[in-house]
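Quick notes on the structure that follows.
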Amino acid sequence: MSAVLQSLVNQPYKHGFVTEIESDIAPKGLNEDIIRLISAKKNEPEWLLAFRLKAYQKWLTMTAPKWQNVHFPQIDFQDISYYSAPKPKTKLASMDEVDPELLRTFEKLGVPMHERAALAGVAVDVIFDSVSVATTYKQKLAEVGIIFCSISEAVHNHPELVQQYLGTVVPVGDNYFAALNSAVFTDGSFCFIPKGVKCPMDLSTYFRINTEGSGQFERTLIIAEEGASVSYLEGCTAPRFDTNQLHAAVVELVALDNADIKYSTVQNWYAGDEKGVGGIFNFVTKRGLAKGVNSRISWTQVETGSAITWKYPSCILRGDNSVGEFYSVAVTNNYQQADTGTKMIHLGKNTRSTIVSKGISAGHSNSSYRGLVRVAPTAENARNYSQCDSMLIGDQCGAHTFPYIQVQNSSATVEHEASTSKIGEDQLFYFSQRGIDAEEAVSMIINGFCKDVFQQLPMEFAVEATKLLSFKLEGSVG
Amino acid sequence: MIKKDSSNILTIQDLHASINGTEILKGIDFTVRSGEIHAIMGLNGSGKSTLAKVLAGHSAYEVTQGSVLFDDIDLLALPPEERARAGLFLAFQYPIEIPGVANTQFLRLAYNTVQTRRGKEELDPLEFDDFVREKMKMLDMKPDFLDRSVNEGFSGGEKKRNEVLQMALLEPKLSILDETDSGLDIDALKIVAQGVNQIANQNNAMIVVTHYQRLLDYIVPDYVHVMQSGRIVMTGGKELALELETHGYDWISANKQSLAGVSA
C-alpha cells in the first residue's frame, strides 16, 4: 500500500463521526411506531413527523405498480429494517480488509485510490448506510452562500428551506415507492444555490448500502434560486450480497427563473450474480421542476447496476422557455431487468425537451425504455425530440420501447426516433481479423453507441462510465 | 515474384472444412512462399471464399481434417485475433459496417495492437494521424474518411479502398484478398490494384481470390489455382487465367487430367 494511502487510512476520522456507538438497527417491519422511532432518533421537528405520517397513511391505501416490464417476487415490506446506523465493525481500518471482489471492480474501473478507500468504507466523504456525513467542500461552498449538507442537517439548520420545498415536486402520495420513501427516509443530500450564484465546482456524493437486509431510502433535495446554476454528481456502488435489497430513493430538483440544474448519475448497485441471485431492487422517483422562466433541468444517467431498475427522471417544464433534458444509458447483463425512461411535462410556453436514451442488453437481461411526452394546452410552441436506440448482445436478451405521447396543443412539435441494432458475429470477426479481441471490440462499439450520452457527463464521470460499461459487459460475448 | 531460395509462408495440407455439417473444403493442398502472388479462381460455390475465411479463423467453419502452417506455427490452433497479429490479413469481400466507431479510432487500435505484438512502439493519435494520411494518399482517399464511422454509408469502392488501406497500415506477411474486385468500376479497380502492388514485396505474399481475369491484368499472379467443389483442380501460371477467360470454367472439367501436371 502506498504511503499516501496508508496515512489516509490511518488518520483519525475527522468529521465528528462517533465510531464507538453500537449499531442501531430498528426492528423489522413498518408501522407508525417505527416512523415515530426514526423521527425521534433523528430528533426531527413536529412538521416532519407529520409529513412522514401523512405519507405513510397514503402508502397504506396504495398498491405496488404493476405496469412495468419487470418481474420479481413480491416484496415483504414487513421484513425490512427501516433504520440502521452503521455498525462500527463495518467501518474498515484498512484496504486490506476490503472484499477482494470489490477491489477487483475498482481496479477494473480505474477508480482513484483515495476514492476506492472511500467507496470501500475506509474513508471520509460518503453516505454510509443511512447516516450521512458532512462533506469536505462544505466550508468552501459556504463562502459563496451555497448550502450542501445531509438532509438531516438541513432539517435542523435550515428548516424553513426544507419545509418550503420538500414534497413540492414529488408529493407524498405521488406513487407507491415515493410514498414509502416519504414515510421512512433516513437521510440524503440537500443542496441550495442562492440567487445568482454559479456553483464553483461539481457537487458529488457517493452512496452505498452496507448493512445486509436494511432498506435504503435516500432523499435528495436540490434548489437553484434565480440565475443560479449547479452540476450535481451522484455515484453509486454496492458490495455483493445474496439477498435482494430494496432501494427506494426520491430526488427533487427545483429551478427558479434562469436557473440551471444538471444532475448526473452513474448507478452501479450490485446487480446480482450471473445466475440472477441477489442484487438491488432500485425503485427511484427523480423529478425536476423547471419552475421559473428560462430555467433548465438536465438529467444524465448511466445505469449499469441493480437487479431491477425502475426509474424515470422527469422534468416538469412550468416556466416559459424552460428546457428539460434526459440523456440515458442503461446496460443490463445476466438476469438484470431495467424499465427506465423519463417524463417531459410541457406546461409553459416555448418549452423544449430532449430525450436521448441508449439501452444495451446482454445475457438473459431485459431492458425497456418507457417515456412520456405530454404537451399541455397551455404549452404554446412546445418542442420535443426523442431518440431511443437499443442494442442487443447475444440472442437471449430483450429490448423494448414504450413511448407515450400526449399532445394537447396543436402548435407543438414532437419527434420520436427509435432504432434497434445488434452486435453481430460478423462485426466481431471483422475486429478480430484486425487483431482486436472481442472484449475490446464490444467496448469500442458500445462506446460509439453511447457517445451522445457520455458527452453530457462531466469529464471524470465520462471516463468512469466508459470503463464501467466495458466491465459490465465483460464475458458477454465470444 | 518466384524466387528459388524463398521461404514458405503458408503450407496447407489436405485441408477439409465444413459449415453446419456440410463439407465445403474437401482436401486443399498448396504452398505459398514469400514474394509470391497466388490467384484462386473458380465459380460461385467452389469454396474460394470459404478457404479465405477458414484461414482467417471464422468461427462458423469447422476444420475437420488437415493442417495449415503459417511460417512455422500451427495456424489452426490460433484464435482469429492471434492470426491477425501474427501477420495474416483478410481483405473482406463484404466489409461490415460499424456504426458509431470512427475509422481513425478503429484503424489506430488495430495498428497499435499489431505493433505491440511485433514489439514496436505504439503511435499516439497525432502521430497516427500523420502516418495514416500518408497511406491514404496512395489510395486517393479523402481526409473526411477518417472521421466517418467504419464502412458506414461507404460506397462499394470506398469499402474496398478501406480494406487495402488497412492492409497497408498493418503490413501483413500474408494478405488474402477475397473478391476485392467485385463492385469496383475500372478506375477504382486500378487504384486498388496499384495500392496492392505497392504493398507486395519480397518478404510478404498475397492470395488473390477472384472470379475474373480482369483484376489479374493489374495484379499479376505467379500462380493461378482453379477451385471446383472444394478442391484445387488445376494450377498454372498467369496464362491459365487467360485460358479461363477465353474458354470458361466448363473447359476445366474437360482438361483437368491433361493439365494437372502443371502444378507448382
Side-chain angles (χ1 to χ4, degrees), chain A residues 327 329 331 356-360 387-395 399 417-456 462-463 465-467 469-470 473 475-478, chain B residues 52-61 78-118 147-152 159 162-163 165-167 169-172 175-176 178:
Chain A
Y327 298 95
V329 168
V331 183
V356 177
S357 165
K358 306 277 179 176
I360 300 159
Q387 184 190 335
C388 303
D389 300 320
S390 308
M391 181 172 275
L392 302 170
I393 302 174
D395 52 10
E417 286 181 25
S419 77
T420 304
S421 53
K422 197 173 167 176
I423 296 187
E425 203 171 318
D426 282 336
Q427 276 183 336
L428 295 179
F429 182 60
Y430 192 75
F431 275 93
S432 66
Q433 216 305 302
R434 300 301 182 248
I436 302 165
D437 64 35
E439 301 289 353
E440 265 184 299
V442 169
S443 157
M444 204 170 212
I445 295 171
I446 293 293
N447 283 314
F449 179 70
C450 300
K451 204 162 48 189
D452 297 345
V453 174
F454 286 172
Q455 276 169 356
Q456 299 296 327
V463 173
T466 305
K467 288 181 179 158
L469 250 59
S470 312
L473 294 169
S476 62
V477 287
Chain B
K53 285 182 197 160
V54 166
L55 292 176
H58 196 291
S59 61
Y61 298 90
L78 300 178
E81 62 272 19
E82 282 300 334
R83 297 182 194 193
R85 291 170 198 166
L88 184 142
F89 183 93
L90 172 62
F92 285 80
Q93 183 179 5
Y94 304 109
I96 198 134
E97 301 192 356
I98 307 166
V101 176
N103 243 309
T104 177
Q105 233 186 327
F106 174 75
L107 296 176
R108 193 165 73 89
L109 181 60
Y111 177 78
N112 281 339
T113 307
V114 171
Q115 286 294 99
T116 305
R117 164 63 199 268
R118 291 175 184 162
D147 301 321
R148 293 164 66 189
S149 294
V150 179
N151 294 326
E152 193 185 30
K159 283 183 180 172
N162 194 11
E163 294 296 291
L165 174 68
Q166 293 176 42
M167 194 168 130
L169 289 174
L170 301 180
E171 298 180 338
S175 302
I176 304 167
D178 190 5

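Chain A is the first sequence line, chain B the second, and so forth, proteins listed ahead of strands; every chain is numbered from 1.
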Checking ring-ring contact (aromatic ring centres under 6.0 Å, His included) for the pair A:Phe429/B:Phe92: CA distance, chi angles, key distance, verdict? CA-CA 11 Å; A:Phe429 182 60; B:Phe92 285 80; 5.6 Å; yes

Please look at [X] and chain A and tell me whether the side chain, the backbone, both or neither of the residue comes under 4.5 angstrom of a heavy atom of that chain.
X	value
B:Leu107	neither
B:Tyr111	neither
B:Glu82	neither
B:Pro95	both

Taken in chain and number order and not counting sequence neighbours, the residues that satisfy ring pair (Phe, Tyr, Trp, His ring centres under 6.0 Å) with A:Phe454 are none

Heavy-atom pairs under 4.5 Å with chain B - which of A:Ser432, A:Gly448, A:Ser421, A:Ala441 has more of them than the others? A:Ser432

Let's test your reading of the structure: which of B:Val114, B:Leu88, B:Ile98 forms the most heavy-atom pairs below 4.5 Å with chain A? B:Ile98

A:Thr420: side chain to side chain donor-acceptor pair (under 3.5 Å) partners, not counting sequence neighbours: none

Kindly state whether the ring of A:Tyr430 and the ring of B:Tyr94 have centres lying under 6.0 angstrom apart. no

Answer with yes or no whether the side chains of B:Asp147 and B:Asn103 bring together a donor and an acceptor at under 3.5 Å. no

